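Reviewing the structure listed below.
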Amino acid sequence: MPELPEVETTRRGIEPWLVGHRIEQVIVRDRRLRWPVPRALPARLRGSTVKAVGRRAKYLLIATDTGTAILHLGMSGSLRVMDATVPPLAHDHVDIVLDSGRCLRFNDPRRFGCLLFTTGDPLRHRLLADLAVEPLSQEFDSDALWRHARGRRTSIKAFIMDSRSVVGVGNIYASEALFRAGIRPGLAAGKVSRERMAILVMRIREVLTEAIGVGGTTLRDYVDPSGMPGYFRQKLFVYDRAGQPCRKCRTTIRQYVQAQRSTYWCPHCQR
DNA sequence: ATGGGCACCTGGCTGC
DNA sequence: TGCAGCCAGGTGCCCA
């Protein structure tokens with residue numbers, strides 16, 4: 001579920017509870033995530049102190065003095081900080097118990113998430129090494145993105161969701177950014193002009209920043225580490241609004257499946 | 001090289 | 001009420 005704004009909201013929510021704290025123990029109730037939680041992970045983390053909580057794309061990086069835990073929320077994952085004595089519920093797969101008596105609890109019904117550990121530079125881990133630029137960084141440059149799109153026949157929507165173009169743009173915010181940029185989602189990436197690509201880059205930045213500002217989007221089950229939903233849903237122009245009137249021009253919002261994902265758009269506002 | 005499709009998994013909702 | 005069918009915030013990998 002979570003896209004970049006939800007992951008960043010999660011990062012900000014857990015950071016103050018983790019940094020500077022010692023990990024007392026790690027309880028793995030179910031190792032069967034997208035990749036099995038390494039058997040050695042609890043022992044590797046036990047006794048270490050959390051130095052920082054970072055993020056690269058949608059991966060959370062919990063850096064400790066013995067190595068870094070790499071955590072992805074997949075489609076349905078969420079992290080909560082709570083008293084370690086609170087009884088676990090279904091799908092509470094992992095607890096990272098801190099010296100404060102609290103724990104970081106990883107819940108993931110669909111188990112598409114992962115929890116891995118590396119002693120090396122996490123940015124060189126095979127899952128992270130080939131990722132494109134962060135959308136909220138200076139390096140996210142529209143001319144570079146435009147050049148990268150030369151000759152590409154894939155749709156602009158699939159293109160901006162491809163982590164080799166830019167990271168962090170998932171199904172909700174891809175539709176929303178394209179609406180704001182006035183670009184039809186099915187347009188070939190290679191057909192987007194330099195000028196329109198510059199607008200698109202601005203809109204991607206804008207929509208992600210606004211979403212982070214209100215704690216992300218909750219459609220079904222996403223909650224932040226304190227259990228609160230995100231409020232960006234009220235700001236969505238097209239996502240999950242098929243059949244409803246466009247909030248700008250009242251034209252009926254359309255939905256179709258593109259590369260196995262639902263795409264929402266306004267045929268009047270987007271060309 | 002690029003694009004497209006599949007797989008992984010559970011739960012919630014819809015419609016018969 | 002029951003149940004089959006469909007859908008879901010991701011992404012690595014395989015195939016043509």
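Just so it is clear, the model here is predicted, and its values are computed rather than measured. Worth knowing before you read on, the calculation uses all heavy atoms, side chains too, and leaves out hydrogens, waters and symmetry mates. Protein chains get the first letters and strands the later ones, always in sequence-line order, with residue 1 at the start of each.
Atoms CZ (A:Phe106) and C1' (B:dC9) sit 13 Å apart, rounded to a whole Å. Atom P of nucleotide C:dA8 and atom CZ of A:Arg233 are separated by 13 Å, given to the nearest angstrom. A straight line from CD of A:Glu6 to P of C:dG10 spans 9 Å, rounded to a whole angstrom. A:Arg164 places its CZ atom 12 Å from the C1' atom of B:dG4, with the value rounded to the nearest Å. Nucleotide C:dG12 holds its C1' atom 12 Å from the CG atom of A:Leu131, rounded to whole Å. Between the CE atom of A:Met161 and the C1' atom of C:dT11 there is a distance of 10 Å, rounded to whole Å. C:dT11 atom C1' lies 12 Å from atom CZ of A:Arg110, rounded to whole Å. For the pair A:Asp92 CG and B:dG11 P, the computed distance is 13 Å after rounding to whole Å.
A close approach under 4.0 Å does occur between a side-chain nitrogen or oxygen of A:His72 and OP1 or OP2 of C:dT11. In this model, the phosphate group of B:dC9 is not approached by any side-chain N or O of A:His91 to a distance below 4.0 Å at OP1 or OP2. Close to C:dA8, at under 4.0 Å from its OP1 or OP2, lies a side-chain N or O of A:Ser262. For the OP1/OP2 pair of B:dC8 and a distance below 4.0 Å, the side-chain nitrogens and oxygens of A:Arg111 include no atom meeting the criterion. Applying the 4.0 Å criterion to OP1 and OP2 of C:dG12, one finds that A:Tyr59 has a side-chain N or O inside that range.
Nearest to the side-chain atoms of A:Arg152 among the listed nucleotides B:dG3, C:dG10, C:dA8 stands B:dG3. Relative to the side chain of A:Gln260, the nucleotides C:dA8, B:dG5, B:dG3 differ in distance, and B:dG5 lies closest. Of all nucleotides listed (C:dA8, C:dT11, B:dG3), C:dT11 comes nearest to the side chain of A:Arg34. Of the candidate nucleotides C:dA8, C:dT11, C:dG12, C:dA8 has the atom lying nearest to any side-chain atom of A:Tyr239. Of the candidates C:dT11, C:dA8, B:dG3, C:dA8 carries the atom nearest the A:Arg220 side chain, counting heavy atoms from C-beta on.
Side-chain atoms of A:His91 and A:Asn107 include no donor-acceptor pair closer than 3.5 Å.
Residue A:Phe232 is out of contact with every strand shown, counting any heavy-atom pair closer than 4.0 Å. Among the heavy atoms of the strands lying under 4.0 Å from A:Arg126 are primed sugar atoms or P, OP1, OP2 only; no base atom is included. At the heavy-atom level, A:Tyr173 lies nowhere under 4.0 Å from the strands shown. Residue contacts shown for A:Arg153 are limited to sugar-phosphate atoms, with no base heavy atom under 4.0 Å away.
No side-chain heavy atom of A:Asp108 sits under 4.5 Å from any side-chain heavy atom of A:Leu73.
In summary, A:Asp240 and A:Arg233 engage in a salt bridge, as defined by a charged side-chain N under 4.0 Å from a carboxylate O.
Using cut-offs of 30° and 60° on the angle between ring planes, the pair A:Phe232 and A:Tyr173 is tilted. Between A:Phe237 and A:Phe179, the ring planes are parallel. Angles under 30° get that label, and only those over 60° would be called perpendicular.
The pairing partner recorded for B:dC9 is none, the criterion being a Watson-Crick or G-U wobble arrangement whose two distances lie under 3.5 angstrom.
A cation-pi arrangement is absent between A:Arg34 and A:Phe112 under the rule of less than 6.0 angstrom and at most 45 degrees off the ring axis.
In this structure, A:Phe112 forms no aromatic stack with the base of C:dT11, since the conditions of centre separation below 5.5 Å and plane angle below 30° are not both met.
The nearest heavy atom of DNA chain B to A:Arg32 and to A:Thr154 marks one nucleotide each, and the one closer to the 5' end goes with A:Thr154.
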